[in-house]
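See below for the structure under consideration.
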Protein chains: 2
Amino acid sequence: MLTLDTTATMQQQLRSAFSHWVDLSDSQWERLSSVFSARRTAAREFVSQPGDNAHNLYFVVSGLLRFFYISPDGKETNKAFVAENEFAGPLASAALGLPLYFGIQALENTEMLVAPLADFSALYGADPLFERLGRRLAEQQLVRKELRMRSMLEKNARERYLDFVSLNPLLAERIPQYHLASYLGITEVSLSRLKRGIEDGV
Amino acid sequence: MLTLDTTATMQQQLRSAFSHWVDLSDSQWERLSSVFSARRTAAREFVSQPGDNAHNLYFVVSGLLRFFYISPDGKETNKAFVAENEFAGPLASAALGLPLYFGIQALENTEMLVAPLADFSALYGADPLFERLGRRLAEQQLVRKELRMRSMLEKNARERYLDFVSLNPLLAERIPQYHLASYLGITEVSLSRLKRGIEDGV
DNA sequence: AGCCGATCTTAACAAATGATAAGGCGGTTC
DNA sequence: GAACCGCCTTATCATTTGTTAAGATCGGCT
């Protein structure tokens with residue numbers, strides 16, 4: 001159970017994160033923060049399932065989430081990992097008005113702040129600054145997807161793995177190998193093989 | 001050489017395209033259209049090269065452009081194809097303030113309207129509607145990248161090819177196979193092989 | 001007609017990755 | 001301690017994709 005004190009700390013962390021994107025006055029912050037509420041999830045629990053009609057914007061205070069697709073034949077593929085101080089949300093599917101097409105699972109005990117995307121985007125019309133915030137969040141997601149897409153097109157699995165570890169050394173330790181393999185677009189068996197080759201090569 | 005008349009037609013086409021994203025008053029349209037200018041490029045000509053400091057937003061009036069990365073060892077990889085009535089621009093790299101990391105080549109004789117991205121984004125502060133337009137363009141790019149990423153992760157080359165052809169039957173005819181192969185993340189030899197397998201299977 | 005450049009196909013072989021099955025290892029639970 | 005569970009590794013074999021090289025086709029140009 002969250003105490004008031006804990007919630008206040010989490011909100012402070014959220015405000016600090018937002019301040020990287022836009023300058024918020026106190027009243028703007030008040031309005032913005034009012035759409036977020038705290039939520040905790042234990043490791044391995046599912047935060048939401050594909051098909052849910054719960055379009056939310058997530059801010060991870062502590063812990064780690066994985067976002068995953070499920071193909072028609074039931075296979076899961078990891079789309080993203082989101083750790084503390086990061087945002088995530090279905091801006092793309094919300095833009096299309098589609099139901100949620102991915103699921104979210106906590107890989108660790110996770111504290112997050114959650115805003116219904118409808119509430120968040122309702123702010124856009126209220127103040128151009130929120131519109132700007134929305135644009136910048138979308139642009140940030142664009143940057144990530146762009147880099148990942150390029151990596152998929154230009155590099156083989158071995159290079160993608162080495163890049164991931166070198167860019168996210170701490171995160172790589174926290175993600176089970178079979179989830180990381182799925183994120184890289186290969187099987188866990190193949191990743192295990194790649195790692196052996198890399199170690200032997202040293 | 002563009003006649004006034006032709007330019008007017010092109011601008012009309014641009015306005016119609018923008019109207020899918022936001023409702024523009026005449027004065028808003030006037031301000032917005034003032035940052036665009038017409039440009040023509042012959043088939044096979046390069047519109048810009050990686051490393052250029054020319055961040056532009058493109059609207060293709062007629063023809064076809066390909067956007068491509070170049071890896072350190074000089075290999076080209078196609079990032080996107082943009083045909084008539086579509087927008088494209090380095091929203092991601094612009095968000096990061098990075099130099100342009102991809103090149104653009106016309107695959108057909110192409111007419112386009114071009115706006116320096118700095119001029120376009122300068123409009124954001126002038127009117128929340130432009131900020132909204134910017135957000136929606138970013139979200140649209142997000143949707144495309146999302147779908148493509150998912151396709152790369154969940155499907156093999158054969159399925160990606162079939163999906164592309166079935167979603168873009170006309171476009172597929174206009175793109176040389178070796179460029180399409182690069183877009184799909186495989187070699188032209190491999191794509192040729194896949195096509196044979198598909199035909200034989202029929 | 002003859003040449004040439006751009007595109008596509010094919011073949012033969014190599015390398016990368018997938019599929020399946022088996023087992024190991026550490027931690028938790030009963 | 002025994003039985004699990006989650007995770008990782010290994011081996012074997014099949015499939016997919018890459019590499020290289022050669023030739024075919026088509027159009028435009030001289």
Side-chain angles (χ1 to χ4, degrees), chain A residues 41-46 63-64 66 68 71 73-78 81 105-110 151-165 171-202, chain B residues 42-46 64 66 68-69 71 73-78 81 105-109 151-165 171-202:
Chain A
T41 306
R44 294 200 190 78
E45 263 183 36
F46 288 84
L64 178 59
R66 82 177 172 101
F68 60 96
S71 65
D73 57 336
K75 283 184 191 160
E76 290 187 5
T77 308
N78 291 128
F81 301 105
Q105 183 188 26
L107 294 181
E108 302 173 354
N109 295 331
T110 300
S151 160
M152 286 292 284
L153 285 171
E154 290 190 325
K155 299 183 178 179
N156 60 25
R158 180 192 162 106
E159 291 172 305
R160 294 202 299 276
Y161 170 69
L162 289 173
D163 285 355
F164 186 92
V165 172
L171 194 55
E173 299 288 324
R174 294 161 65 186
I175 301 172
Q177 302 284 351
Y178 68 104
H179 279 320
L180 180 54
S182 159
Y183 177 83
L184 295 172
I186 57 179
T187 62
E188 67 166 323
V189 177
S190 192
L191 179 53
S192 182
R193 190 159 40 194
L194 289 176
K195 284 174 57 186
R196 191 189 356 155
I198 291 165
E199 284 165 14
D200 291 356
V202 168
Chain B
R44 296 205 185 74
E45 264 183 36
F46 288 84
L64 179 59
R66 82 178 173 102
F68 61 95
Y69 305 118
S71 66
D73 57 337
K75 282 184 193 162
E76 289 187 5
T77 308
N78 291 130
F81 301 104
Q105 183 188 25
L107 294 181
E108 302 173 353
N109 295 331
S151 160
M152 286 292 285
L153 285 171
E154 290 190 325
K155 300 183 177 179
N156 60 25
R158 180 192 161 104
E159 291 171 305
R160 295 201 300 277
Y161 169 69
L162 289 173
D163 285 355
F164 187 92
V165 172
L171 195 54
E173 298 289 324
R174 294 161 65 185
I175 300 171
Q177 302 282 353
Y178 69 103
H179 279 320
L180 179 55
S182 160
Y183 177 84
L184 295 172
I186 58 178
T187 61
E188 67 166 322
V189 177
S190 192
L191 179 53
S192 181
R193 192 160 36 196
L194 290 176
K195 284 174 57 186
R196 191 186 2 154
I198 291 165
E199 285 166 15
D200 289 357
V202 168

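Chain letters run A, B, ... following the sequence lines, proteins first and then strands; every chain starts at 1. Please read these numbers as outputs of a predicted model, since none were measured by experiment.
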### Query
Do R66(A) and E76(A) meet the salt-bridge criterion of a basic N to acidic O distance under 4.0 Å?
yes
### Message
Once salt bridge (charged side-chain N to carboxylate O under 4.0 Å, His left out) is applied, what residue pairs with a partner in residues 174-198 of chain B remain, sequence neighbours excluded?
### Response
E84(B)-R174(B), E108(B)-R174(B)
### Task
Could you list the residues that satisfy side chain to side chain donor-acceptor pair (under 3.5 Å) with S71(B), not counting sequence neighbours?
D73(B)
### Task
State which residues pass side chain to side chain donor-acceptor pair (under 3.5 Å) with K155(B); sequence neighbours excluded, sorted by chain then number.
D163(B)
### Message
Tell me the closest heavy-atom pair linking L153(B) and M152(A), and the distance in Å.
### Response
CD2-CE, 4.0 Å
### Query
Which heavy atom in A42(A) sits nearest to a heavy atom in N109(A), and how many Å separate them?
CA-OD1, 3.3 Å
### side-chain contact (heavy atoms from CB on, under 4.5 Å) between R160(A) and I186(A), worked out
CA-CA 10 Å; R160(A) 294 202 299 276; I186(A) 57 179; 4.1 Å; yes
### Task
Provide the start and end nucleotides, 5' to 3', of the part of DNA chain D that has atoms under 4.0 Å from heavy atoms of chain B.
dT17(D) to dT20(D)
Which pairs, protein N/O on one side and nucleotides 5-7 of chain C N/O on the other, fall under 3.5 Å?
from: dT7(C); atom 1: OP1; to: Y178(B); atom 2: OH; distance (Å): 3.2
from: dT7(C); atom 1: OP2; to: Y178(B); atom 2: OH; distance (Å): 2.2

### Query
Where along nucleotides 12-30 of chain C does protein come under 4.0 Å, by heavy atom, of base (B) or sugar-phosphate alone (S), with - for untouched nucleotides?
B----BBBB----------
#### Entry: Donor-acceptor pair, side chain of E154(B) and main chain of S151(B), under 3.5 angstrom
no
### Query
Looking at side-chain heavy atoms only, is the closest gap between N78(B) and L184(B) below 4.5 Å?
no
### Task
Establish, yes or no, whether a centroid distance under 6.0 Å links the rings of Y183(B) and F164(B).
yes
